[in-house]
Amino acid sequence: MSNVYDVLFKQPKVHKKLGKEAEALAQTIIASGRMRLDADDETNFTRFQMPQERINLTFTFREMAEPELIKESHARMKAVLLERHSEKAAQSMTDDYMKMVNANLKKRRPVLPKIEVMMARAFVSCNALPVIRLIHLEKAEIYLSYGHTVSDVMDIATWQQVGESNGLQAVGAGENAVYVSCGGHPFLEGEERNHSGDGFPALARCMIIAGQETGHNGDMIRNEYGQWIGRYSASNWDRAPSDIAGKGRRRDAKRCDHIYKEARRFGLHRIAEWERHLKFYHDNKLNNMRSRWAWTKSRLAWQILKIIMRIRGFKGITKIQKDRYPATLMVKFFRDQIFNLYPQHEAYTRSDPLAQEAIVVIEAVARVPQQVVKWGHEAVRTTEPALYRLYYGTIVPACEKANRRYQQSPK
């Protein structure tokens, strides 16, 4: 089994305005200049590096054009230089380096404004609004790449370490950033597409990976001053799973396994096999008695299975998105849920079994919003109620509380 990146419960209408609150947040993120896009031959930012001065910063066109953002950009550059130079020298070097940044930007082909807007809308739609708003208020840099990995938006040193990742949340050493790869151009359709990853697959991948990486951000515990002091999913950062998350993941994994077993017991895989035959008839445009019988028995059996699962208290799993082959999609749903409740990757390996379990739990909690993006709230709440409750009952409200503190604090 592997992670599913090509389904969405609802396709966001990124070509149109979102709801009032979500649209306002998307526009605010754009105006902040902190969304960095690498869109094939187009980009809206440049990376400026001076290793001898320990400078490794990125700047967008907007950050170098809007008066208030220009001030912030100069302040970022100067803050790094003040660590090694006097005030006078740092100011002079800042002026020189910012000219170089502007020169670098002039060599770039800027991203079309409509692409920026659509990418911002997709990003805002990947998680609960309080989580995304807090990412904005904490001034995280948001890197979105059309590439298959996040390497396109990283410096060489970081790329050598984690450049093969699909997504990343980076904190510490002065960095607060979210990295997301799309694996293609999210907005190409039909003959515009250059490869199979363009269009909907890229949009789905973008939102799913962003859901997970922003989920990590939401998982952070903030104190009254907005400082990160730990995780809801783990104790002492990552030394051991937190009691509620550790026990919750184990219970959810058993529950998901049980529901899947029940669905199989009542014919899920048999129906999926009938749908495989039906798809063959559809693909080959065969309309005969066999094809009509395949449609009739698979559709009737699916309706019966739905009734049985609802009677047994698992109504939520029947609420996944509609599909021409619903049993086949449900098999995909279960396998994807199980994979993300038992996340596996060589990067999660630790010598201490408790620390290794903590990493697994941290990942499972962060993947709750990505699973909701894929399958909807009802299905995810049914198969992993404990982690769903932790994320949407504890983590999201905590992010909303942190938002209020930011908005009420003196500017």
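Only this structure's heavy atoms are used, side chains among them; waters, hydrogens and symmetry mates stay out. We count residues from 1, following the sequence as given.
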Working to the nearest 0.5 Å, report the span between [atom1] of [X] and [atom2] of [Y].
| X | Y | atom1 | atom2 | answer |
| --- | --- | --- | --- | --- |
| Asp219 | Ser233 | CG | OG | 3.5 Å |
| Arg292 | Asn288 | CZ | CG | 6.5 Å |
| Ile30 | Leu25 | CD1 | CG | 10.0 Å |
| Ile317 | Met309 | CD1 | CE | 4.0 Å |
| Tyr179 | Ile209 | OH | CD1 | 15.0 Å |
| Gln407 | Leu137 | CD | CG | 5.5 Å |

So [Y] and [X], do their side chains get closer than 4.5 Å, heavy atoms only?
| X | Y | value |
| --- | --- | --- |
| Glu53 | Tyr97 | yes |
| His185 | Ile115 | yes |
| Val131 | Pro369 | no |
| Lys114 | Val117 | no |
| Leu37 | Thr43 | no |
| His377 | Phe9 | no |
| Arg231 | Met220 | yes |
| Val365 | Tyr232 | no |

Plane angle bin for [Y] and [X] - parallel if under 30°, tilted between 30 and 60°, otherwise perpendicular:
| X | Y | value |
| --- | --- | --- |
| Tyr325 | His282 | tilted |
| Phe187 | His15 | perpendicular |
| Tyr260 | Phe334 | parallel |

Just by distance, do the side chain of [X] and the backbone of [Y] share a donor-acceptor pair under 3.5 Å?
| X | Y | answer |
| --- | --- | --- |
| Thr394 | Tyr391 | no |
| Glu23 | Leu18 | yes |
| Asn403 | Leu134 | yes |
| Thr60 | Gly33 | yes |
| Arg133 | Glu400 | no |
| Arg62 | Phe59 | no |
| Asn44 | Glu116 | no |
| Asp198 | Glu192 | no |
| Glu357 | Leu354 | no |

Heavy-atom count around [X] [atom1] within 6.0 Å, excluding the residue itself: above 12?
| X | atom1 | answer |
| --- | --- | --- |
| Arg193 | CZ | yes |
| Arg239 | CZ | no |
| Arg310 | CZ | yes |
| Arg54 | CZ | no |
| Asp352 | CG | yes |

Carboxylate-amine/guanidinium proximity below 4.0 Å for [X] and [Y]:
| X | Y | answer |
| --- | --- | --- |
| Arg312 | Glu262 | yes |
| Lys247 | Asp243 | yes |
| Arg255 | Glu384 | no |
| Lys332 | Glu275 | no |

Report task. Return yes if a side-chain donor-acceptor contact under 3.5 Å exists between Glu273 and His269, otherwise no. Result ->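 No - no donor-acceptor pair under 3.5 Å links their side chains.
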
Query raised in the report: How about Asn340 and Gln370: does a side-chain donor come under 3.5 Å of a side-chain acceptor?
Result: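 Yes, because at least one side-chain N or O of Asn340 sits under 3.5 Å from a partner of the opposite role on Gln370.
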
Search all heavy atoms of [X] against all heavy atoms of [Y] and return the closest pair with its distance.
| X | Y | value |
| --- | --- | --- |
| Gln52 | Arg84 | O-NH2, 3.1 Å |
| Phe45 | Arg108 | O-NE, 4.0 Å |
| Asn3 | Phe339 | N-CE2, 3.5 Å |
| Leu390 | Ala245 | CD2-CB, 3.8 Å |
| Asp6 | Ile208 | N-CD1, 4.3 Å |
| Trp237 | Ile229 | CZ2-C, 3.5 Å |

Query - Single hit among Ile362, Val360, Ile244 for side chain to side chain contact (heavy atoms under 4.5 Å, CB included) with Arg249 - result: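 Among Ile362, Val360, Ile244, the one that satisfies the side chain to side chain contact (heavy atoms under 4.5 Å, CB included) with Arg249 is Val360.
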
Report task. Give the intermediate values and the outcome of side-chain contact (heavy atoms from CB on, under 4.5 Å) for residues Phe333 and Gln337. Result -> CA-CA 6 Å; Phe333 159 72; Gln337 277 290 95; 3.3 Å; yes

Query - Tyr143 and Asp38: CA distance, side-chain angles, deciding distance, side-chain contact (heavy atoms from CB on, under 4.5 Å) verdict - result: CA-CA 8 Å; Tyr143 291 88; Asp38 185 90; over 6 Å; no

Report task. Go through the steps to decide whether Glu42 and Arg109 satisfy the test salt bridge (charged side-chain N to carboxylate O under 4.0 Å, His left out), and finish with yes or no. Result -> CA-CA 5 Å; Glu42 301 172 352; Arg109 183 180 175 187; 3.7 Å; yes

Report task. Among Arg76, Arg34, Lys139, find the residue that satisfies the salt bridge (charged side-chain N to carboxylate O under 4.0 Å, His left out) test when tested with Glu63. Result ->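 Single salt bridge (charged side-chain N to carboxylate O under 4.0 Å, His left out) partner of Glu63 among Arg76, Arg34, Lys139: Arg76.
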
Query - Audit row: Thr328, Lys279, side-chain contact (heavy atoms from CB on, under 4.5 Å) steps and yes/no - result: CA-CA 11 Å; Thr328 303; Lys279 186 176 185 301; over 6 Å; no

Query raised in the report: Between Gln321 and Lys10, does a side-chain contact (heavy atoms from CB on, under 4.5 Å) hold up when you go through it step by step?
Result: CA-CA 8 Å; Gln321 52 269 53; Lys10 290 182 179 179; over 6 Å; no

